[in-house]
Amino acid sequence: SMYARCAIKIKSEFIIENRELVAYKGNGGHVVIPDDKGILYIGSFAFCHYNLDNSKDVGDGKYDIDLKKEPIGNNNVVTVEIPEGVEEIRKFAFYNSKLLERVILPSTLKTIEERAFYDCKILTNINLDNVKIISDYTFYNNKLLNCNDLGGINLEGVNVIGRHAFDGCESLTNINLTDLRRSGMAAFANCTRLTDVVLGRYARISDSMFENSAISSSTSKPLEIYSDVIPDKAFYHCERLQAVTLRSDVTYLGNEAFRGCINLTRVLFEGDCEQFGSYAFADCTGLKNMTLPSCRIVFGDGVYANSGLN
């Protein structure tokens with residue numbers, strides 16, 4: 001009998017160029033990215049299928065082509081282990097990965113770019129302990145994200161959190177933002193189980209940062225805010241907020257900053273306050289008294305409209 005011989009060349013499932021993993025072509029499941037290729041970056045759209053829209057007029061640089069890509073998502077990756085040495089996950093890398101449950105990040109990872117894990121609805125577990133920068137919409141609408149059985153994710157070392165980064169993460173229950181220096185609009189909006197938040201002495205709050213979240217506090221354990229600016233709608237409709245202590249001199253307490261906090265009964269100013277924005281405490285029906293600082297305060301419209309103080 002005769003045997004025919006043929007050599008089959010298996011192409012690597014990982015496409016790597018200039019120390020960047022630019023594309024994954026494998027069958028999914030449990031993916032372990034090789035640790036012997038010197039990879040520094042997980043590239044834009046690396047695990048996300050996309051359509052190219054060639055009608056878009058963009059430049060001809062390496063990253064300009066990304067502007068033509070319209071993300072679709074990924075239907076086969078369940079877990080990903082990223083090796084030590086990788087420093088950055090670029091935009092849309094795991095966008096809409098429908099089956100992604102767990103991501104193991106290396107201690108070297110410092111930056112996650114915009115929409116990298118956008119709409120990964122069953123992503124439960126990711127270790128963010130060493131990450132410094134989390135960009136816009138990174139974990140947007142990740143409904144199961146809680147990272148451990150306690151529902152907490154470790155953000156203690158994060159310096160920058162972008163716009164809507166954790167918006168709609170309905171399973172988050174507690175966060176520590178001690179090192180946060182910059183935050184984007186609505187970073188933790190609509191986190192409907194987020195009850196415990198620690199804001200450090202230098203933590204920067206943003207517009208709508210906790211809008212419609214479940215931040216809880218009590219008169220025995222008030223939410224302590226050190227920021228000198230409480231931006232517009234920062235705690236809008238935080239219905240479980242009962243007591244707030246403002247530890248610093250406040251230059252501006254924003255429009256609708258605490259609007260609709262129906263269980264807020266105590267606001268303590270430990271310093272001065274220069275300006276109340278419009279409707280700052282509107283619809284705070286439980287707020288019956290407030291001792292104001294003795295300094296001159298500029299009041300906007302309807303600061304206490306429909307509140308217990310009206």
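This structure is a prediction, so every number in the text was calculated from the model and none was measured. All values below were derived from every heavy atom in this structure, side-chain atoms included, with hydrogens, water molecules and symmetry-related copies excluded.
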K.L.:
Quick one: list whatever passes side-chain hydrogen bond (donor to acceptor under 3.5 Å, both in side chains) with T245, sequence neighbours left out.
P.N.:
none

K.L.:
Run through the side-chain heavy atoms of Ile, Leu, Val, Met, Phe, Trp and Tyr, join any pair under 4.5 Å, and report what else lands in L40's cluster.
P.N.:
Y41

K.L.:
So, the side chain of T108 versus the backbone of E87: is there a donor-acceptor pair under 3.5 Å, distance only?
P.N.:
no

K.L.:
For R266, check salt bridge (Lys or Arg N to Asp or Glu O under 4.0 Å) against everything at least two apart and list the hits.
P.N.:
none

K.L.:
Please check if V131 and L100 belong to a single hydrophobic cluster, counting links between Ile, Leu, Val, Met, Phe, Trp and Tyr side chain heavy atoms closer than 4.5 Å.
P.N.:
yes

K.L.:
Taking salt bridge (Lys or Arg N to Asp or Glu O under 4.0 Å) as the test, write out the residues that go with E113, two or more places apart.
P.N.:
none

K.L.:
Extract all donor-acceptor atom pairs below 3.5 Å that involve side chains of residues 230-244 and protein atoms in other chains or at least two apart in sequence.
P.N.:
unit_1	atom_1	unit_2	atom_2	d
D232	OD1	Y252	OH	2.8
D232	OD1	N255	N	2.9
R240	NE	S216	OG	3.3

K.L.:
Closer than 3.5 angstrom, by distance alone: can the side chain of N142 be matched with the main-chain N or O of F117 as a donor-acceptor pair?
P.N.:
yes

K.L.:
Test: side chain to side chain donor-acceptor pair (under 3.5 Å). Region: residues 191-201. Which pairs qualify, not counting sequence neighbours?
P.N.:
none

K.L.:
Please enumerate all residues that pass salt bridge (Lys or Arg N to Asp or Glu O under 4.0 Å) together with R115, with sequence neighbours excluded.
P.N.:
none

K.L.:
With a cutoff of under 4.5 Å between side-chain heavy atoms, which Ile, Leu, Val, Met, Phe, Trp and Tyr residues group with V160?
P.N.:
I133

K.L.:
Can you tell whether the side chains of R90 and E114 come within less than 4.0 Å, N to carboxylate O?
P.N.:
no

K.L.:
Under the ring pair (Phe, Tyr, Trp, His ring centres under 6.0 Å) test, which residues partner F92, sequence neighbours left out?
P.N.:
F45, Y95

K.L.:
Kindly write out the residues that satisfy ring pair (Phe, Tyr, Trp, His ring centres under 6.0 Å) with F299, not counting sequence neighbours, or none if the list is empty.
P.N.:
F276

K.L.:
Output the rest of the hydrophobic cluster of V78: all Ile, Leu, Val, Met, Phe, Trp and Tyr residues reachable through side-chain heavy-atom contacts under 4.5 Å, sorted by chain and number.
P.N.:
L99

K.L.:
For a quick test of your reading: what N or O donor-acceptor pairs under 3.5 Å do the side chains of residues 24-35 make, sequence neighbours left out?
P.N.:
unit_1	atom_1	unit_2	atom_2	d
Y24	OH	N27	N	3.4
Y24	OH	G28	N	2.8
H30	ND1	T79	OG1	2.9

